[in-house]
Amino acid sequence: MKEKELQRSRAVLPIGTIMKLTELTARQIRYYEAQSLILPVRSESNRRLYSLNDIDRLLEIKDYLTEGFNMAEIKRVYEKQASRRQQEHRKLTKPVSDADLLDALHNEFLTVGGLKHDGGAFSN
DNA sequence: TTTCTCACA
DNA sequence: TGTGAGAA
């Protein structure tokens, strides 16, 4: 089922579509790119092209921002995600599913944000 | 028409 | 972050 992964990563959507789908302004979307939160590819005419994965990430970012996180924290988490993916790739053994990864990241977010006090005995 | 970059309130 | 200018 890797065909789907490729399709999700296939960047073909212009920023206008992203704006409507994420409720974000072009300004914000470009700013997040500057902060390396997303990495859209460029068309031959220098136009930004986003993938479905980018949309997901943008929605997540919007979510975290709503919850009171700042760029630095969000960046930190994505950097961690990147390094984790590399590690998993090297081990080339049992890769973690995206669901597990997101769950772990979300958990870290709650901890870092002080929204969680212990091992997650309760949910918000 | 849409998006891009850059600069300024 | 918003907005406007000038270009592609």
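Protein chains get the first letters and strands the later ones, always in sequence-line order, with residue 1 at the start of each.
What separates CD of Glu33(A) from C1' of dT3(B) is a distance of 12 Å, to the nearest Å. In this structure, Ile15(A) atom CD1 and dT1(B) atom C1' are separated by 15 Å, rounded to whole Å. dT1(C) atom P lies 10 Å from atom CD1 of Ile61(A), rounded to whole Å. Here dA8(C) presents its P atom at 16 Å from CZ of Arg42(A), a figure rounded to the nearest Å. Atom OH in Tyr50(A) sits roughly 16 Å away from atom P in dT2(B) (whole-Å rounding). In this entry the distance linking CD1 of Ile18(A) with P of dC4(B) reads 11 Å, nearest Å. Note: OH (Tyr31(A)) to P (dC4(B)) measures 18 Å, nearest angstrom. To the nearest angstrom, P of dT2(B) lies 11 Å from CZ of Arg47(A).
Taking a cutoff of 4.0 Å between a charged side-chain nitrogen and a carboxylate oxygen, Arg42(A) and Glu33(A) qualify as a salt bridge. Salt-bridge check for Glu23(A) with Lys62(A): failed, with every basic side-chain N at 4.0 Å or more from each acidic carboxylate O.
Across dG2(C), dT5(B), dT1(C), the shortest atom-to-atom separation from the side chain of Asn46(A) is found for dT5(B).
Looking at which nucleotide of DNA chain B each of Met19(A) and Arg27(A) is closest to, the 5′-most match is held by Met19(A).
Considering CD1 of Ile18(A) and CG of Leu13(A), their distance stands at 4.5 Å, rounded to 0.5 Å.
dA8(C): Watson-Crick or G-U partner is dT2(B), with both key distances under 3.5 Å.
Looking at heavy atoms from C-beta onward, Arg47(A) lies out of side-chain contact with Ile15(A) at the 4.5 angstrom threshold.
Between Tyr32(A) and dT1(C) there is a side-chain N or O to OP1 or OP2 distance below 4.0 Å. Under 4.0 angstrom from either OP1 or OP2 of dC4(B) there lies at least one side-chain N or O belonging to Arg48(A). Using a 4.0 Å cut-off, no side-chain N or O of Ser45(A) falls inside it from OP1 or OP2 of dT3(B).
A donor-acceptor contact under 3.5 angstrom links the side chains of Asp54(A) and Ser51(A), judged on distance only.
Between the side chain of Arg30(A) and the base of dT5(B), no donor-acceptor pair under 3.5 Å is found.
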